[in-house]
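What follows is a short report on a single structure.
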Amino acid sequence: MYRELQKQLIEAVRTILETSWGLEVSDVVLEQPPDLAMGEFALPVAFELARKLRKAPRMIATELAEKLSTTLRPGDGFLSFEAAGAGYINVRLDRARLMAALASGSSQRPSEELPRVLVEHTSINPNKAAHVGHLRNAILGDTLVRILRARGHHVDVQNYIDNTGVQVADVIVGFLHLEHQTAPEVEALIARCEALGPEAREQRFDYHCWNLYARVSQWYAEGSEDQQKERKQLRYQTLHAIESGGNETAEVADRVSTAILRLHLETMLRLGITYDFLPRESEILHLRFWDRAFQLLKESGVLYAEQSGKNAGCWVMTRPGGGNSGEGPDEDAKVIVRSNGTVTYVGKDIAYHLWKFGLLGKDFGYRRFFAYPDHTCFISCMEGEQEHPHFGGARAIYNVIDSRQSDPQANVVQALRGMGHTEAADQYTHFSYEMVALTPRCAEELGYTVAEEDRGRPYIEVSGRKGFGVKADDLLDKLTAATRAEVDARQPERSEAERQRIAEQIAIGALRYFMLKFTRGSVIAFDFRDALSFEGETGPYVQYTAVRARNIFRKIGMTPESALAAVESLQSMELAVGAEDIWAIWMRAARREQTLETAISSAEPSTLARHCFQLAQEFNNFYHKHHILTEEDAGRRSLLLATAAIALRELTILLEWLGVEVPEAM
RNA sequence: GGGCGAGUAGCUCAAUCGGAUAGAGCAACGGCCUUCUAAGCCGUAGGUUACAGGUUCGAUCCCUGUCUCGCCUACCA
């Protein structure tokens, strides 16, 4: 109903402007007054018209308000229109009617066919344990998936696995040439680690590789010049062996990366994050996706063979911003195929994205890989199972990838556009976000020595190569331990299993909210003090609020649904009119869908996190001010109960979108 | 050199397409637990929105210039 009122109002303003003044305004701006007591909507349109009409804004506002009140009647849901301030028009709604509509939950969105979308997120190199930076990616991605589904899209979730890249190669170099292990020995190690189970963190295979990767990176940089050259050569030999496949090195790499991949999936599952499909680079190579893409790129003229200059002998592509000045070679062009004939990462990515949009004319084989409680995750392979869901061929895609990759991402879009796939290019969203870094203090806490010059900086970038960072599982364990201690103290009568479950839910709530409350563009300077805080603008604060609301209904022995159903027969709704703290909660509920739309169109989940937190604040304020159980006036009590019920309903929906559960008790 | 992003309270961050008095949380200080859970609530203090111009009824937001910081810009992946 709220949305319809907005539309009606904007339409009415447009009509009046046209018929009375013969004016056309492209965009009628609708705002909220700074204080709810002033009304539900505010129209600043009079300011815009002041110049055209050569009249004071306030006068225009008065006139327009008058016309509006004869057009939109109380029967439509509008109560009054009045000029305010220097020239605003404040609009009051029929609160009782809006409340009734909200309580009955009649905010159905049209069931039109929404396009199938594809979200790629997580995409961790399978060569080491996941860290906080990966958590930000996965949590942002998973939340995006949840809100797209809430809007009504069919969403396929993909986690791209670069199992044949240089990072995997580095760890394999470590196993084979630094530790001098044989293939069976590596396999035995994986088996031993798996037998220990996920609880033995320090002995986990991905933790082992975390350290090994750091050692190898250091090993490359050590020794004499000749040694370094030799080691670098070893590195590329290993990489090429892995890329070509069908040899023992590739076999070991596959075992190692697959074992780590499973651990990553388990880590993410702790946070309630799941995937539908895991496309791997090995299949993109062996199924020759690139050959087909190369052909298409040449045919469309996107790629051209550079004849001279520094890129002579390469197949290159003009960059999005740049362009050939006409004279001589475009030195700024992006190399896609090297002079030795090998394809770069961006080239493979173009092929992969043609597949995503169903424009390649090739497909993966699919095989079952990981079982979730409610569905199965498939992985790419050469020859797959007979029956499998179809992935790819999406109308719109979102790539959750940090901002450092904006250049290669732009290249892929440029290629699509150049090939004439303008619709695909328009529906390609690089959901970029800034990295997670560590505060210098946090780095020191972890036992890393911080260079003097870094000590003054607000943050230090994590580095997998240096083994510098906070591992995802360690952080989750730390959060769980901290919440567990608090739960033990507060809920001593509950069973061990219950308390553990609650502690985990709170830990996840804290972590997910922490990652979501920042806007995408801001670097998160990670610090345990902030992340382990459960007060103020945090997940546990919101969870606690929902638990509080639910306790009211448990205590009184009635359901929130029946409290909402009672709104119809409320005689005392006028009470809400004077009580802005109550009305604020209902208005918050009214704005939910609009906030969802904003979050999606701006690809900014933090909008929803903030909305959710503000609702929690409003409810806590209300909770403190009104004591429901001891309220004697029956009508007023019904109003208070309905308000608690709407708050609980909204909090539950919003937290679900954010991937945060409401614990039994806190 | 070029591209992208950032600079707002002591700290970490917001600010709905350019709108009314720039808001939260932490930290600090002062209050509130015989009452539905104090992981809570209320209050105090804290600001020349990096700087200088410009655009207009109005600028944290748009334009120009300057300063500072980060990332990207390889025939690495």
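Below, chains carry the letters A, B, ... as their sequence lines are ordered, and counting in each starts from 1. In what follows, every heavy atom counts, from backbone to side chain, and hydrogens, waters and symmetry copies are set aside.
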Does G40(B) have OP1 or OP2 under 4.0 Å away from a side-chain N or O of Gln617(A)? no
For the side chain of His627(A), counting heavy atoms from C-beta on, which of A38(B), U16(B), U35(B) is nearest? U35(B)
Is Lys478(A) close enough and on-axis enough to Phe528(A), meaning under 6.0 Å and within 45°, for cation-pi? yes
Does the distance from a Lys or Arg side-chain N to an Asp or Glu carboxylate O, for Asp527(A) and Arg529(A), drop under 4.0 Å? no
Closest to the Asp407(A) side chain: U73(B), G40(B), A20(B)? U73(B)
Roughly how far apart, to the nearest Å, are G30(B) and G70(B) at atom C1'? 41 Å
Hits for salt bridge (Lys or Arg N to Asp or Glu O under 4.0 Å) against Glu48(A), two or more places apart or cross-chain, chain-then-number order -> none
Closest listed nucleotide, where the reference is the side chain of Arg51(A) and the choices are A39(B), A20(B), C57(B): C57(B)
Which nucleotide in A20(B), C75(B), A39(B) has an atom nearest any side-chain atom of Ser339(A): C75(B)
Rounded to the nearest 0.5 Å, what separation is found between the CG atom of Asn340(A) and the OG1 atom of Thr342(A)? 3.5 Å
Kindly say whether, by distance alone, the side chain of Asn620(A) makes a donor-acceptor pair under 3.5 Å with the base of A38(B)? no
With syn defined as a glycosidic angle within 90° of 0 and anti as everything else, classify C33(B). syn
Check: Gln414(A)/Arg319(A) side-chain N/O donor and acceptor closer than 3.5 Å: no
Stem list, RNA chain B (Watson-Crick or G-U pairing under 3.5 Å, at least 3 consecutive pairs): B:1-7 with B:67-73, B:10-13 with B:23-26, B:28-32 with B:40-44, B:50-54 with B:62-66
Could you pull out all residues at least two apart from Arg494(A) that satisfy salt bridge (Lys or Arg N to Asp or Glu O under 4.0 Å)? Glu498(A)
Which nucleotide wins on minimum distance to the side chain of Asn621(A), given the candidates U56(B), C42(B), C75(B)? C42(B)
Can you check the distance between A50(B) and A9(B), where both ends of the measurement are the C1' atom (answer in whole Å)? 15 Å
Between A20(B), A24(B), C75(B), which one does the side chain of Phe613(A) approach most closely? A24(B)
In the 5'-to-3' direction, what one-character label does each nucleotide of nucleotides 2-13 of chain B receive under the scheme B = base within less than 4.0 Å of a protein heavy atom, S = sugar-phosphate only, - = no such atom? ---S------SS
Nearest-angstrom distance from the residue atom NZ of Lys52(A) to P of C57(B): 12 Å
Arg465(A) meets the salt bridge (Lys or Arg N to Asp or Glu O under 4.0 Å) criterion, sequence neighbours left out, with Asp170(A)
Please report the distance separating the C1' of G25(B) from the corresponding atom of A39(B), rounded so that it comes out in whole Å. 14 Å
For C41(B) and G3(B), measure between their C1' atoms and round to the nearest Å. 49 Å
C76(B) to U12(B) separation - P atoms, rounded to the nearest Å: 39 Å
Upstream residue (5' side of RNA chain B) when Glu461(A) and Thr607(A) are each assigned their closest nucleotide: Thr607(A)
On the 0 to 90° scale, with breaks at 30° and 60°, tag the Phe622(A)-Phe619(A) ring pair as parallel, tilted or perpendicular. tilted
To the nearest 0.5 Å, how far apart are NZ in Lys334(A) and SG in Cys314(A)? 11.0 Å
Nucleotide of G25(B), C36(B), U16(B) approaching Gln32(A) most closely (side-chain heavy atoms): U16(B)
Would you say Arg490(A) places a side-chain N or O within less than 4.0 Å of OP1 or OP2 belonging to A39(B)? yes
Selected nucleotide, minimal atom distance to Arg548(A) side chain, candidates C57(B), C36(B), G40(B): G40(B)
When the P atoms of G53(B) and A59(B) are compared, how many Å lie between them, rounded to an integer? 14 Å
What interatomic distance, in whole Å, is found between P of U48(B) and the corresponding atom of A22(B)? 13 Å
Side chain of Ile552(A) (C-beta onward), nearest among A39(B), C36(B), G40(B): C36(B)
Distance between the C1' atoms of G58(B) and G18(B), in whole angstroms? 8 Å
Closest to the Tyr541(A) side chain, choosing from A39(B), A20(B), C41(B): C41(B)
Between OH of Tyr513(A) and SG of Cys612(A), what distance do you get to the nearest 0.5 Å? 6.5 Å
The residue, Tyr345(A) or Asp27(A), whose nearest nucleotide of RNA chain B is more 5′ is Asp27(A)
Could you work out, with salt bridge (Lys or Arg N to Asp or Glu O under 4.0 Å) as the rule, every residue matching Arg499(A), not counting sequence neighbours? Asp488(A), Glu496(A)
